[in-house]
Amino acid sequence: MISGTEVVSERPIQSWAAIEMENLHQLEIIILLLAVVLALTTLARLIFLPYPILLVIGGLVLAVVPGVPTVTLNPDLVFLVFLPPILAAAAYFTSLREFRANIRPISLLAVGLVLATTAAVAVAAHVLLGFGWAEAVALGAIVSPPDAVSATAIGKRLNMPHRVVTILEGESLVNDATALVLYRTAVAATVSGAFVWGETLLQFLYAAVAGIAVGFLVGIVTRWVLYLVEDSFTEVAVTLLGPYVAWVIGESIHASSVLACVVWGLYLRQHVSRIVSPATRIQGRAVWDLLIFLLNGVIFILIGLQLAALRADISTERLGSVMLGGALISVTVILVRLGWVPLAAMLPRVLSASIRKRDPMPPWPHIFLVSWIGMRGIVTLAGAMALPMTINSGAPFPFRTEIILLSFSVILSTLVIQGLTLTPLIRRLGVAEGSAWEQEEIQARRHAAGAALSRLNELKVEAWPKPDHVDQLQGHYGKRLDDISSNGAVSPETIQETNEALLRLKEAALVAERSALIRLRDEGTISDEVLHRLEQELDIEALRLGLGERRIPW
């Protein structure tokens, strides 16, 4: 009896010990990844390189270092944990007005180009690599959609033209819906042995409509919850939960979870300015910026680390043929985009005079830039690794290893090679952000200052405001309106010079205030609590002036 008790009691202890060691090992890997992400992003800023590219290269280097543990990517983890907030954040910071204005080119890329790329890759894989049609279509659907993470993380950091960024982001937000329907149809055909094209079309329509509906419904619920809650931390937590709820509901009803998150982000942005406080917006922006930065960093370094997990799946003898196949598929993907984008820009204008009049042909450097930028990322790799291991007959899924390796090759080719050429290409083409937003900003500032003056005039006749305070604020807004009016009459270059000079003066004043407060704290005249309160006011003012990243000189 005693010995039996000893045996029973030892097993749970050993099991718990093994679980604790495994958890500790995973925690060490996470800490290592975060440390490498921070180091590489800092290096990327110093050498003026988009950090996703350096993170992928860093992951590749880590993958071949002896002793570094192999990290196997879980596709379910990628789709559920990483994608919802990234898609929602990208949609939230996408202008709905610009999205609507560019719906035609976005649709031609998100639907038409995905279909064209899938078809071209399928033909190449079938004819040149010997794939069956179902597996070839699956490969084409996996590599066809450019990644929202890559477009957002790289595009905005290179000062590309605003419309180019809008089209690229809009494409990357919507194209997954098309690609995932094709992907699921091809995988089902491989597993069962038969294509059902009519069912595929119905699935696409249902997934799109249902996904949009889910996004709207979750957005409406989120809006009302934010309206009822009055605590900033809870409000920020609600915004973090929203995209996950939209994703889970979309998956549960077989709708497009991608569109659900995108619609949620677009919808919430239209209402968040009215339903939450300024403190919530400042705190929420900080939390979301940190979250997206960490998710992007971990995602891109995981892409590189997959090399170690994939090396064991291929023998040395097959390495040359796989590399050749990867180059072939990558070239196919790039060439299809280079041909499709100019065609999609010209054909609607050739066929419709109203389009030519309403939306003239964009500059060719802009068209070429959209043609060249088509980086693939974590969605492509996760889709490849999510392929089932076997088919209905129990046989292995045909060409599964080859599809994963070819997808990895396309990611490296488009993300690293195309990404590294973007900066010199933009410089060579001479494209830059236009001044349309500057004029809109001047108009908006003038209108806002005029609205404030009108409201002050209405309040002046009431009993509660002090006349001195009203006069002081009227003078403040009157001076602002005079400055805006005078600046609006001169060239943008003069406006920029005037604004820069004014910002330098305001920065010097803020630095003097902050330095004086720190001296008082160091001398013991004021406490840290007083310093923190006053420093927060100065920080908010610095953020308002666009000086949030400036430090006090030592």
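Computation of the quantities below employed the complete heavy-atom set of this structure, encompassing side-chain atoms and omitting hydrogens, waters and symmetry-equivalent molecules.
- Remark: the S371 side chain and the W340 side chain contain no N/O donor-acceptor pair separated by less than 3.5 Å.
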**OP:** Before giving the answer on side-chain contact (heavy atoms from CB on, under 4.5 Å), spell out for R223 and I275 the whole-Å C-alpha distance, their side-chain angles and the decisive distance to 0.1 Å.
**Re:** CA-CA 7 Å; R223 173 189 172 188; I275 58 179; 3.9 Å; yes
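- Here the closest heavy-atom approach between residue E541 and residue L510 is recorded as CG-CD2, 4.0 Å.
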Does L83 form a side-chain contact (heavy atoms from CB on, under 4.5 Å) with V379? I'd like the steps, not just the answer. CA-CA 8 Å; L83 283 186; V379 175; 3.7 Å; yes
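- Salt bridge status for R533 with D528: absent, with no side-chain N to carboxylate O gap under 4.0 Å.
- Judged by distance alone, with hydrogens and angles left aside, the side-chain atoms of R376 form a donor-acceptor pair with the main-chain N or O of S144 at under 3.5 Å.
- In this structure, H162 NE2 and I167 CD1 are separated by 10.0 Å, a value rounded to the nearest 0.5 Å.
- The existence of a salt bridge linking R281 and E235 is excluded, since no basic side-chain nitrogen approaches an acidic carboxylate oxygen closer than 4.0 Å.
- Between L302 and L33 the shortest side-chain heavy-atom distance falls below 4.5 Å.
- Closest heavy-atom contact between H271 and Y267: CD2-O, 3.1 Å.
- Looking at T222, its side chain does come within 3.5 Å of a backbone N or O of V218 through a donor-acceptor pair.
- More than 12 non-hydrogen atoms from other residues, nucleotides or ligands lie less than 6.0 angstrom from NE2 of H476.
- Looking at R285 and F93, their side chains come closer than 4.5 Å, going by heavy atoms from C-beta outward.
- Between the CG atom in L520 and the CG atom in L531 there is a gap of 9.0 Å [rounded to 0.5 Å].
- The environment of Q270 atom CD is dense: over 12 non-hydrogen atoms of other residues, nucleotides or ligands sit within 6.0 angstrom.
- For OH of Y206, the number of neighbouring non-hydrogen atoms (other residues, nucleotides, ligands) closer than 6.0 Å is greater than 12.
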Show your working on salt bridge (Lys or Arg N to Asp or Glu O under 4.0 Å) between D471 and K466 and close with a plain yes or no.
CA-CA 9 Å; D471 293 340; K466 294 183 178 181; over 6 Å; no
Practice prompt. Could you go through the side-chain contact (heavy atoms from CB on, under 4.5 Å) check for V225 and V229 one step at a time?
Written response: CA-CA 6 Å; V225 172; V229 176; 4.1 Å; yes
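- Atom CZ of R358 is surrounded by more than 12 heavy atoms from other residues, nucleotides or ligands within 6.0 Å.
- Taking CD1 of I57 as the start and CD1 of I303 as the end, the distance is 12.5 Å to the nearest 0.5 Å.
- Side-chain N or O atoms of T178 include one that pairs as donor or acceptor with a backbone N or O of A110 at under 3.5 Å.
- Taking every heavy atom of both residues into account, G297 and L55 meet most closely at CA-CD1, 3.5 Å.
- For the side-chain contact (heavy atoms from CB on, under 4.5 Å) with I86, the qualifying choice from V81, I292, L291 is I292, the only one to do so.
- Note that CD1 of I411 and CZ of F300 are 10.0 Å apart. Values are rounded to the nearest 0.5 Å.
- Here the side chains of S354 and R349 are not in contact, with every heavy-atom distance at 4.5 Å or above.
- Put simply, the side chain of D359 never gets that close to the backbone of I355: no donor and acceptor are under 3.5 Å apart.
- No side-chain donor-acceptor contact under 3.5 Å links T280 to the backbone of V276.
- A donor-acceptor pair under 3.5 Å is formed between the side chain of S172 and the backbone N or O of E169.
- In this structure, OG in S95 is found 9.5 Å from CZ in R100, a value given to the nearest 0.5 Å.
- For residues 226-250, every residue pair satisfying the ring pair (Phe, Tyr, Trp, His ring centres under 6.0 Å) rule, not counting sequence neighbours, is listed here: W224-Y227.
- Here the side chain of E98 pairs no donor or acceptor atom with the backbone of R163 at under 3.5 angstrom.
- Counting only heavy atoms from C-beta outward, the side chains of V470 and N457 never approach each other to under 4.5 Å.
- Among all heavy-atom pairs drawn from A91 and L266, the shortest one is O-CD2, 3.3 Å.
- Using a 4.5 Å heavy-atom threshold, the side chains of L425 and F368 count as touching.
- Heavy-atom minimum distance, L295 versus P85: CD1-CG, 3.5 Å.
- The shortest distance between side-chain heavy atoms of Q474 and K460 falls below 4.5 Å.
- A donor-acceptor pair is defined here as one N or O able to donate and one able to accept, closer than 3.5 Å; no such pair exists between the side chain of D176 and the backbone of P145.
- At distances below 3.5 Å, not a single donor-acceptor pair connects side-chain atoms of R521 with backbone N or O atoms of L517.
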Margin query: Between L43 and L54, does the side-chain contact (heavy atoms from CB on, under 4.5 Å) criterion hold? Intermediate values first, please.
Written below: CA-CA 9 Å; L43 178 61; L54 193 60; 3.9 Å; yes
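- In this structure, the side chains of L113 and E171 come closer than 4.5 Å at one or more pairs of heavy atoms.
- Closest approach of L173 to V258, counting heavy atoms only: O-CG1, 3.4 Å.
- Under a 4.0 Å N-O distance rule, the pair D539/R514 qualifies as a salt bridge.
- In this structure, the separation between CG on L429 and CH2 on W372 is 11.5 Å, given to the nearest 0.5 Å.
- At least one donor-acceptor pair closer than 3.5 Å links the side chain of R337 to the backbone N or O of V370.
- With contacts defined as side-chain heavy-atom distances shorter than 4.5 Å, the pair Q418/I373 does not qualify.
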